Amino acid sequence: MIIVLKPSTPPERIALFEDRLRSNYHVKVNRWDGVHSTVLGLIGDTHTVDIEYIDAQDIVESVKRVQEPYKKANRKFHPENTVVKISDNVSIGDGSLCVMAGPCSVESEEQIVEIARSVKKSGAAMLRGGAFKPRTSPYAFQGLKSEGLDLLKLARKETGLPIVTEIMRTEHIDMFENVDVIQVGARNMQNFDLLRELGKTKKPILLKRGLSATIEEWLMSAEYIMAGGNDNVILCERGIRTYETYTRNTLDIAAIPIVKKLSHLPVVVDPSHASGKSWLVEPLAMAAVAAGADGLIIEVHNDPQHALSDGAQSLTPKQFEQVAGRIFALKESMK
């Protein structure tokens with residue numbers, strides 16, 4: 001249930017009203033103070049709440065029930081866009097276009113530092129790179145693990161770019177303490193134990209959509225993190241599995257405006273995993289920007305033909321420079 005209070009309601013009256021709601025109906029009350037009004041979200045069993053009694057209070061502007069099972073991620077509870085602050089200079093959801101770029105897998109110090117320098121020069125605000133790699137085949141390269149994390153931090157020190165990398169297990173959370181954004185991959189979108197533990201942190205979490213997840217299931221996974229107290233969630237559309245086999249996945253462009261209508265959380269798009277083909281990255285990235293994405297996460301490798309993972313979908317630094325120039329120009333033209 002959502003209760004919108006009238007503007008300029010005194011804080012002491014709001015606090016008293018909140019206490020009355022908790023004691024009378026045994027619900028949790030979340031409060032959001034906006035620019036023009038205050039919104040109260042009632043979470044719990046609200047079927048006994050007398051909506052007419054609530055509506056009759058002189059401080060209440062409007063009241064309505066919410067049917068969606070996700071409450072904290074719901075835009076009805078939080079009308080204004082959430083802005084996730086990554087560093088002093090980088091935010092996602094503030095109206096700018098945040099581009100994260102880097103290799104699928106961290107392979108060596110020379111590789112990750114060289115790529116970090118090149119993508120920063122082309123306008124990337126963050127460095128992505130896999131230290132732990134969940135692979136379909138148990139015989140494929142699984143990443144450098146903790147050594148890969150150390151190399152990412154070294155590249156951050158060299159370039160100043162915040163880093164985003166994927167976590168796979170709850171036992172690894174302490175290892176990610178000095179990572180700027182923790183990525184939850186598509187395969188772990190419904191790893192609820194992991195999501196609960198990440199909810200106890202204050203780290204920004206990049207939550208990728210599962211391979212066959214509905215939009216509601218995706219938002220419910222975000223709800224797991226937020227229910228633990230961590231509101232710094234960034235949603236990532238990376239393509240879903242359909243009957244089409246030409247591309248690695250099918251990018252759900254419609255999910256961008258849909259999610260932004262349903263939720264206040266920022267949305268970024270991964271055109272690399274969506275397509276599996278480097279030549280498709282640019283048109284999908286352009287489509288994502290046009291559809292309102294808050295950011296992009298793009299794979300870049302200095303030698304894609306010899307990459308240890310996902311070389312076919314990786315751009316070279318030169319290709320990324322061209323793509324970045326075009327997507328930033330498109331974003332500027334949309335203002």
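Quick caveat: nothing in here was measured; it's all calculated off a predicted structure.
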Quiz item: Above 12 or not: heavy atoms from other molecules or residues under 6.0 Å from NZ of Lys85?
Solution: yes
Exercise. Check for a donor-acceptor pair, side chain of Ser96 on one end and backbone N or O of Ile92 on the other, with a separation under 3.5 Å.
Key: no
Quiz prompt | Among Trp218, Phe192, Tyr70, ring-ring contact (aromatic ring centres under 6.0 Å, His included) partner for Tyr224 | solution = Phe192
Quiz item: Between Ser263 and Val259, is there a donor-acceptor pair closer than 3.5 Å when you use the side chain of the first and the backbone of the second?
Solution: no
Quiz item: Is the CD atom of Glu177 crowded by more than 12 outside heavy atoms at less than 6.0 Å?
Solution: no
Quiz prompt | Whether over 12 other heavy atoms sit under 6.0 Å from Arg241 CZ | solution = no
Exercise. Give a yes or no on whether a salt bridge exists between Glu217 and Arg209, defined as a side-chain N under 4.0 angstrom from a carboxylate O.
Key: no
Quiz item: Does Thr242 reach the main-chain N or O of Glu244 with its side chain, forming a donor-acceptor pair under 3.5 Å?
Solution: yes
Quiz prompt | Heavy-atom neighbours of Glu12 CD exceed 12 at 6.0 Å | solution = yes
Quiz item: Under the 3.5 angstrom rule, does the side chain of Ser108 hit a backbone N or O of Gln111 as a donor-acceptor pair?
Solution: yes
Quiz prompt | Short side-chain to backbone donor-acceptor contact, Lys28 and Leu42, under 3.5 Å | solution = no
Quiz item: Can Asp303 and His306 be said to form a side chain to side chain contact (heavy atoms under 4.5 Å, CB included), step by step?
Solution: CA-CA 6 Å; Asp303 187 9; His306 297 95; 3.0 Å; yes
Quiz prompt | Over 12 non-hydrogen atoms of neighbours within 6.0 angstrom of NZ in Lys121 | solution = no
Self-check item: Nearest non-hydrogen partners of Glu216 and Pro69, listed with the distance
Solution: OE2-CG, 3.6 Å
Quiz item: So which heavy atom on Ile14 is nearest to which on Leu5, and how close?
Solution: CG1-CD1, 3.7 Å
Quiz item: Does a sphere of radius 6.0 Å around CD in Glu109 hold more than 12 heavy atoms from other residues, nucleotides or ligands, not counting ones at 6.0 Å or beyond?
Solution: no
Exercise. Give the minimum heavy-atom separation between Pro162 and Ala125, together with the two atoms involved.
Key: CD-O, 3.2 Å
Quiz item: What closest approach, in Å, do Val179 and Ile163 show between heavy atoms, and which atom pair accounts for it?
Solution: CG1-O, 3.9 Å
Quiz item: Using 4.0 Å as the upper bound for N to carboxylate O, is an ion pair formed by Asp294 and Lys260?
Solution: yes
Quiz item: Okay, side chain of Trp32, backbone of Ser37: is any donor-acceptor separation there less than 3.5 Å?
Solution: no
Quiz prompt | Asp310/Arg248 salt bridge by N-O under 4.0 Å criterion | solution = yes
Quiz item: Ignoring hydrogens and geometry, is there a side-chain-to-backbone donor-acceptor pair from Arg65 to Ile51 under 3.5 Å?
Solution: no
Quiz item: Do the side chain of Asp180 and the main chain of Val164 share a donor and acceptor less than 3.5 angstrom apart?
Solution: no
Quiz item: Is the count of non-hydrogen atoms from other residues, nucleotides or ligands lying under 6.0 Å from Glu110 atom CD greater than 12?
Solution: no
Exercise. For Thr165 and Gly129, work out which heavy atoms get closest and say how close.
Key: OG1-O, 2.6 Å
Practice problem: Please answer whether the main-chain N or O of Glu68 pairs with a side-chain N or O of Lys71 as donor and acceptor at a distance below 3.5 Å. | Solution: yes
Practice problem: Determine the minimum heavy-atom distance between Ala255 and Glu237, stating which atoms define it. | Solution: CB-OE1, 3.9 Å
Self-check item: Single-linkage hydrophobic cluster, 4.5 Å side-chain cutoff, Val181 and Leu235 together
Solution: no
